[in-house]
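To keep things clear, I will list the structure first and then write my remarks on it.
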Amino acid sequence: MVRCFQHRLPTLLRSWRGCINYATAKQTWGWRLSLGLAVVPEAVMTIGAFLISDTPSSLVERGKIDQARKALQKIRGSSIDVEPELEELFKWTEISKAVQQEPFMTILERQYRPHLVMAFSIPFFQQFTGINIVAFYSPNLFQSVGLGNNGALLSAVILGLVNLASILVSTAFVDRFGRRFLFITGGILLLVCLITVSALLALATGVDGTKHMSKGNATLVLVLLCFYAAGFGWSWGPLTWLIPSEIFPLKIRTTGQSIAVGVQFIILFMLSQTFLTMLCHFKFGAFLFYAFWVAVMTLFIIFFLPETKGIALESMYIIWGKHWYWRRFVKGDVDKDNLP
């Protein structure tokens, strides 16, 4: 739960900047105040980085056993015996240190096939949720309901508040209902919103997108976009960062994380360079394009992502051996080598 909130903290702090921009937009000196106060969220993030505690596995890897024991007791509770888990951590740390092979070669091994697939697919799918469409369309839609030139700033504030609410939902329920539940419910909501928005835009603006949209239709689209932002905020937004941080064993954790982050930013760059061209050609069909991908990624979660709720990082390999599809890749190797 803590990791989920930490990964959404930048979005929360960006909402602060949106509020400042909107509040100072009509003042001639407003840009100075907005620019100056932009240092506040960055300062909060910098200070917060010093307050984030090290993970037990990191402490064990650096030989700080007593601190790792205290960290485990803080996580599991003072009444829980953490010695077995600490011994398991120490065991896998020693195994990881004994491996001489290059991590980028290790992750290509058959037993790590599910980890590699998730490292590519999870961040890839996140960028194809269509969140960039919402970021692009919302200012225009807010202006169409009579909010004038401040529509772009107001949309950032409203969507920021929606994201804040969705963060609280995700933080509260990710360890209660599990990752798959949030992924699936969020995906269904995204799919419904994208299809409905596409249908409304087609009816309101026509196939060529030249008709004027009424305030009623625009307001309905905006409401749907808020639901869409909420669905993204409790599912693909934070969980795209949470899942890769959980599934990789120690020996390939940094490699897997770097692949996941790299894929995300590469796909983001590609979409940002092609989105406007696609929007000009597809018009309302752009929403259907992303709806198709949302349907694909939701099915992918249903069939290929096992639940990771409540499983210790060092025991995460067990879920792959029990999965109906991934066990063909990992079960034999795990049984033979006794490696995660």
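The structure presented is a predicted model; accordingly, all values stated were derived computationally and were not measured.
Between Q73 atom CD and D81 atom CG the span is 9.0 Å, to the nearest 0.5 Å. Going from atom OG1 of T255 over to atom CE of M105 covers 11.5 Å, rounded to the nearest 0.5 Å. Note: S235 OG to L189 CG = 8.0 Å, rounded to the nearest 0.5 Å. With rounding to the nearest 0.5 angstrom, the CZ atom of R253 is 10.0 Å from the CD1 atom of I247. M297 contributes atom CE, which lies 9.5 Å from atom CD of Q127 (distance to the nearest 0.5 angstrom). If you take CD1 on I301 and CG on L182, they are separated by 11.0 Å, rounding to the nearest 0.5 Å.
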Open item on the list: Assess the residue pair T298 and L191 against the criterion (side chain to side chain contact (heavy atoms under 4.5 Å, CB included)); give the C-alpha distance rounded to whole Å, side-chain angles, the decisive distance to 0.1 Å, and a yes or no.
Closed with: CA-CA 9 Å; T298 303; L191 183 62; 5.9 Å; no
Open item on the list: Between W241 and V261, is the side chain to side chain contact (heavy atoms under 4.5 Å, CB included) condition met? List the steps.
Closed with: CA-CA 9 Å; W241 299 96; V261 174; 3.8 Å; yes
TODO: Verify side chain to side chain contact (heavy atoms under 4.5 Å, CB included) between W326 and V117, making sure each step is shown before the conclusion.
DONE: CA-CA 10 Å; W326 298 122; V117 170; 3.9 Å; yes
TODO: Step by step, work out the side chain to side chain contact (heavy atoms under 4.5 Å, CB included) result for I158 and L222.
DONE: CA-CA 10 Å; I158 291 179; L222 291 175; over 6 Å; no
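The aromatic rings of F125 and W293 sit tilted relative to each other, their planes meeting at an angle between 30° and 60°. A perpendicular orientation is assigned to the rings of Y112 and H115, their planes being inclined by more than 60° (bins at 30° and 60°).
Between I259 and A119 the shortest heavy-atom distance is CG2-CB, 3.9 Å. When all heavy atoms are compared, the tightest approach of G233 to S166 is CA-OG, 3.3 Å. T171 approaches V174 most closely through the heavy-atom pair O-CG1, 4.1 Å. Here the closest heavy-atom approach between residue R327 and residue G321 is recorded as CB-O, 3.2 Å. Contact record, A68 with P56: CB-O, 3.8 Å, taken as the closest heavy-atom pair. For the pair A204 and N217, the tightest heavy-atom approach, listed with the atom from each and the gap, is CB-ND2, 3.8 Å.
Of the possible polar contacts, none joining the R180 side chain to the K309 backbone as a donor-acceptor pair under 3.5 Å is found. Put simply, the side chain of R69 never gets that close to the backbone of E83: no donor and acceptor are under 3.5 Å apart.
Two residues are said to be in side-chain contact when any heavy atoms from C-beta on lie closer than 4.5 Å; P306 and W320 meet this criterion. Side-chain contact between E307 and I319 is absent, with no heavy-atom pair separated by less than 4.5 Å. For the pair F300 and M118, the minimum side-chain heavy-atom distance is below 4.5 Å. Looking at heavy atoms from C-beta onward, Y228 lies in side-chain contact with T129 at the 4.5 angstrom threshold. Using a 4.5 Å heavy-atom cutoff, the side chains of I243 and F183 are in contact. Under the 4.5 Å side-chain criterion, counting only non-hydrogen atoms from C-beta, S245 is in contact with L242. In this structure, the side chains of F104 and S258 come closer than 4.5 Å at one or more pairs of heavy atoms. At a threshold of 4.5 Å between non-hydrogen side-chain atoms, the residues L194 and L288 do not count as touching.
Evaluation of the salt bridge (Lys or Arg N to Asp or Glu O under 4.0 Å) rule for R113 yields no partner, not counting sequence neighbours. Considering only residues two or more places apart in sequence or on other chains, F303 meets the side-chain contact (heavy atoms from CB on, under 4.5 Å) condition with L299, W324.
No close placement of the F120 and F124 rings is indicated, their centers lying 6.0 Å or farther apart.
Under the 4.5 Å side-chain contact rule for hydrophobic residues, L203 and F284 do not share a cluster. Criterion: ILVMFWY side-chain heavy atoms under 4.5 Å apart, direct or through other members. Under it, W236 and I302 are part of a common hydrophobic cluster. There is no path of hydrophobic side-chain contacts, each under 4.5 Å, that joins F90 to L59.
Residues D54 and R62 are paired through a salt bridge, judged by an N-O separation under 4.0 Å between the basic side chain and the carboxylate.
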